Each structure stands twice: as structure tokens, then as C-alpha cells.
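Notes for the one structure printed next.
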2 protein chains.
Amino acid sequence: MLKHQKEMALLKEHLGKRQLKYTRQRELILDAFLKHEHITAEELYHQLSRKDPHLGLATIYRTLNLFCEAGLAQARHFGSQTQYDNVSHKGHHDHLICTECGKIVEFENCDIERLQEEVAARNGFVIKTHRLELYGLCSRCQH
Amino acid sequence: MLKHQKEMALLKEHLGKRQLKYTRQRELILDAFLKHEHITAEELYHQLSRKDPHLGLATIYRTLNLFCEAGLAQARHFGSQTQYDNVSHKGHHDHLICTECGKIVEFENCDIERLQEEVAARNGFVIKTHRLELYGLCSRCQH
DNA sequence: TTGAAATTGATAACCTATTTCAATTAGCTG
DNA sequence: CAGCTAATTGAAATAGGTTATCAATTTCAA
Ligand SMILES: [Mn+2]
Ligand SMILES: [Mn+2]
Ligand SMILES: [Zn+2]
Ligand SMILES: [Zn+2]
């Protein structure tokens with residue numbers, strides 16, 4: 001019983017439709033990527049460097065962008081870097097960020113999500129993804 | 001009757017408290033900045049280059065960051081650049097973005113804003129700013 | 001097995017933003 | 001108003017993250 005069966009199938013389907021190839025590197029990167037809820041290209045690079053010291057950073061970026069196109073990942077600018085979210089991870093969440101100490105709290109709120117859908121519908125949009133970040137002071141930094 | 005009286009006063013107050021100076025460049029940049037709801041450093045630079053060809057891009061960046069500290073502006077990463085939002089523009093708004101054609105719809109939703117406050121309170125945070133962006137397809141791009 | 005087309009890794013290029021530093025300027029102080 | 005000191009400026013260098021280039025390699029359909 002192989003892991004990530006479903007996501008691998010999705011990727012192969014995407015590749016097949018566009019005459020793209022299923023390479024050793026893509027398999028390696030997919031496997032590592034799916035272990036995280038979200039990760040940056042640099043983080044993946046350092047992690048995979050141990051398994052394959054010749055894997056290039058450019059390949060990581062190219063592959064993560066490919067995953068985005070295939071619907072497996074979702075890019076999100078966060079700070080100075082891009083976080084690639086693992087779409088297959090259920091439990092979508094948003095972020096509460098302390099601008100003083102950097103603390104980050106992840107949260108989910110169905111009511112907000114529902115209202116977002118309503119706003120979109122009212123404007124004729126169909127939402128595919130979204131991003132909600134609340135910036136402020138955590139309890140410790142308010143003093 | 002001068003324009004931007006209130007914002008200029010706010011800036012001067014901020015400067016006064018920290019031994020910072022009110023310069024010709026800061027006045028020029030403030031004036032141009034306040035004419036927009038949001039703008040990038042590069043856009044401001046091109047616009048102001050006509051009035052003062054010697055104004056440096058670094059000064060624009062430094063000044064916009066100063067405005068953020070003074071509470072007049074709010075930085076927001078958008079695409080590959082940073083948008084500086086004009087806080088004095090009433091009608092805070094969030095964005096609905098079409099990933100296909102790039103169309104952007106601005107909206108406000110008090111219920112969402114209220115729920116955000118609740119989430120923050122529940123986690124002991126005090127929100128200072130936030131960002132909500134909904135990505136999807138506009139009505140024209142759904143076909 | 002073969003060959004065309006896609007992919008890779010190394011590196012250069014790119015882009016936005018910040019840092020450096022010598023020259024200039026703002027804004028007290030007397 | 002002149003003099004002084006610290007803040008500010010512009011130009012250019014630097015930084016950091018991401019993408020483009022290109023020769024060598026690999027995939028996969030025929
Ligand atoms: Mn959400
Ligand atoms: Mn809002
Ligand atoms: Zn904090
Ligand atoms: Zn559209």
C-alpha cells in the first residue's frame with residue numbers, strides 16, 4: 001500500500017494531458033512536499049539535499065509551481081518568502097500573527113468561510129482559494 | 001485651505017516625538033501618496049520623477065515605511081510587489097481577485113470583520129490590521 | 001531500441017527592497 | 001540669524017528570493 005496514491009494519480013493525470021513527464025525528481029519532491037502542511041522551496045531543498053545532493057533548487061521551484069498548476073499546492077506569500085500549502089491537507093486554516101514577537105496562531109472559522117462564499121456569489125465569483133491574515137498583538141505583547 | 005491637513009499633522013506629531021525631521025521630500029511624497037487608495041513604491045517613484053527628477057527610489061521606500069510606522073499607510077504584499085494602502089481612505093476594503101483575467105473587486109463586509117474580532121479575542125489578540133483576499137474566477141472567466 | 005521532446009542542474013540574470021556612505025539639510029541653541 | 005549636530009538624502013552597492021538560459025541527460029511513444 002503506497003502512500004500519496006491519490007495525489008500521485010492526480011499529478012500523473014495532469015502530466016499526461018500536457019505531454020509532461022513523470023520524473024524521479026518530481027516523485028521525490030512530491031513525496032517530501034506531501035508530508036507538510038506548508039513549506040517553502042528553500043526548506044524542501046535543504047531537506048531533500050540529504051537524499052539527493054545533486055537536486056537543484058531551480059528544480060524545486062519549477063516543480064512546486066507545477067504542483068500549483070496541477071492543483072496539489074497553493075502558493076502564498078508570507079513574509080519575504082512563498083509558502084506552498086499542501087491542498088490535500090484537510091483542515092484549511094488562516095493565521096493570527098503577532099507583529100511584535102512573531103507568534104503565529106492558526107485558526108479555522110466556518111462562519112467566516114461561509115460569509116466569504118456569500119460575498120463572492122454576490123459578485124459573480126467562484127472562489128478557488130483565499131487568504132485571511134489578522135495582524136496584531138498577542139496577549140503577552142500588549143503590555 | 002490646505003489639503004491633507006489632518007494627515008500632515010499626524011505625520012508631524014509622529015516625527016516630533018522621535019526627533020525626526022519634516023523634509024521637502026517627505027511632504028512631496030505624502031502629498032502624492034494621499035491621492036491614491038493604494039500604490040506601489042515604483043508607481044510613486046515614476047509619478048514623482050516628473051516633479052523632482054532627483055528624488056531617489058530609496059527615499060520613496062524609506063518614506064513609505066515611515067508612513068507605516070506613523071499609521072498613515074499599511075503595507076500589503078500583492079503579487080510580486082508591496083502595495084501601500086492609504087489608511088485615511090475611509091471604507092477599508094478587502095479584495096476579490098480573478099486568477100484568470102486579473103480583475104479585482106473591492107468589497108466590505110461588516111459581519112466578517114466582526115467575526116475576525118471574535119476570533120482574535122478568543123485567542124487573546126488585539127487586531128491592528130488584517131488582510132483578506134479571495135481568489136477565484138469572475139463571471140466572465142468561468143466558461 | 002530509437003529519437004524527438006521534455007527535464008535537469010549549474011549558473012547567470014532578474015526584481016524588489018534594503019544598506020552603505022559621503023554630502024546635504026533640518027531644526028534647535030545661543 | 002549663525003553655528004552646530006544629528007537626521008536625511010541620492011547614488012550605488014548589496015541582499016534575498018525567484019526565474020531564465022543552455023548544454024547535457026532522461027523520458028516515453030513509436
Ligand atoms: Mn479560511
Ligand atoms: Mn477587511
Ligand atoms: Zn506577541
Ligand atoms: Zn476573470
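Every value quoted in this text rests on a predicted model; they were computed, and no experiment measured them. In what follows, chains are A, B, ... by sequence order, proteins preceding strands, each numbered from 1.
Within residues 9-27 of chain B, the residues approached by DNA chain D to less than 4.0 Å at the level of any non-hydrogen atom are B/Gln19, B/Leu20, B/Lys21, B/Thr23, B/Gln25, B/Arg26, in residue-number order.
Distance, B/Tyr84 OH to C/dT18 C1': 10 Å, rounded to whole Å. As rounded to whole Å, 13 Å separates atom C1' of D/dG17 from atom NE2 of A/His46. Atom NE2 of B/His77 is separated from atom C1' of D/dG16 by 13 Å (rounded to the nearest Å). Regarding A/Glu42, its CD atom lies at a distance of 16 Å from the P atom of D/dA15, rounded to whole Å. Here D/dA15 presents its P atom at 17 Å from CD of A/Gln81, a figure rounded to the nearest Å. The CD atom of B/Glu69 sits 14 Å away from the C1' atom of C/dT18 (whole-angstrom rounding). Regarding B/Ile60, its CD1 atom lies at a distance of 12 Å from the C1' atom of D/dG10, rounded to whole Å. At whole-Å resolution of the value, CG in A/Leu66 and P in D/dT19 are 13 Å apart.
For the atom pair CG of A/Asn123 and CD of B/Glu106, the computed distance is 11.0 Å after rounding to the nearest 0.5 Å. For the atom pair NZ (B/Lys35) and CG (B/Leu44), the distance works out to 10.5 Å, reported to the nearest 0.5 Å. Taken to the nearest 0.5 Å, the CD atom of A/Glu13 stands 4.5 Å off from the NZ atom of A/Lys17.
Regarding contacts with the backbone of C/dT18, every side-chain N or O of B/Tyr61 stays at 4.0 angstrom or more from both OP1 and OP2. For the pair B/Thr59 and D/dG10, the criterion of a side-chain N or O lying under 4.0 Å from OP1 or OP2 is met. Under 4.0 angstrom from either OP1 or OP2 of C/dA17 there lies at least one side-chain N or O belonging to B/Thr82.
Remark: of the listed residues A/Arg76, A/His36, A/Gln74, A/Arg76 is the sole one forming a side-chain hydrogen bond (donor to acceptor under 3.5 Å, both in side chains) with A/Asp85.
Here B/His130 and A/His95 keep their ring centres 6.0 angstrom or further from each other. The aromatic ring centres of B/Phe33 and B/Phe67 sit less than 6.0 Å apart.
Out of C/dT18, D/dG10, D/dT21, the shortest distance to the side chain of B/Asn65 is found at C/dT18.
Across all non-hydrogen atoms, the minimal contact from A/Ser88 to A/Leu34 is OG-CD2, 4.1 Å.
Cluster membership check: A/Tyr22 shares its hydrophobic cluster with A/Leu72, using side-chain heavy-atom separations under 4.5 Å among Ile, Leu, Val, Met, Phe, Trp and Tyr.
Electrostatic pairing of B/Arg24 and B/Asp52 counts as a salt bridge here, judged by a charged N lying under 4.0 Å from a carboxylate O.
With axes fitted over five pairs at each extremity, the angle between the ends of the helix from C/dT1-D/dA30 to C/dG30-D/dC1 is 30° (10° resolution).
In this structure, B/Leu57 reaches neither bases nor backbone, as no heavy-atom distance under 4.0 Å exists between it and the strands shown.
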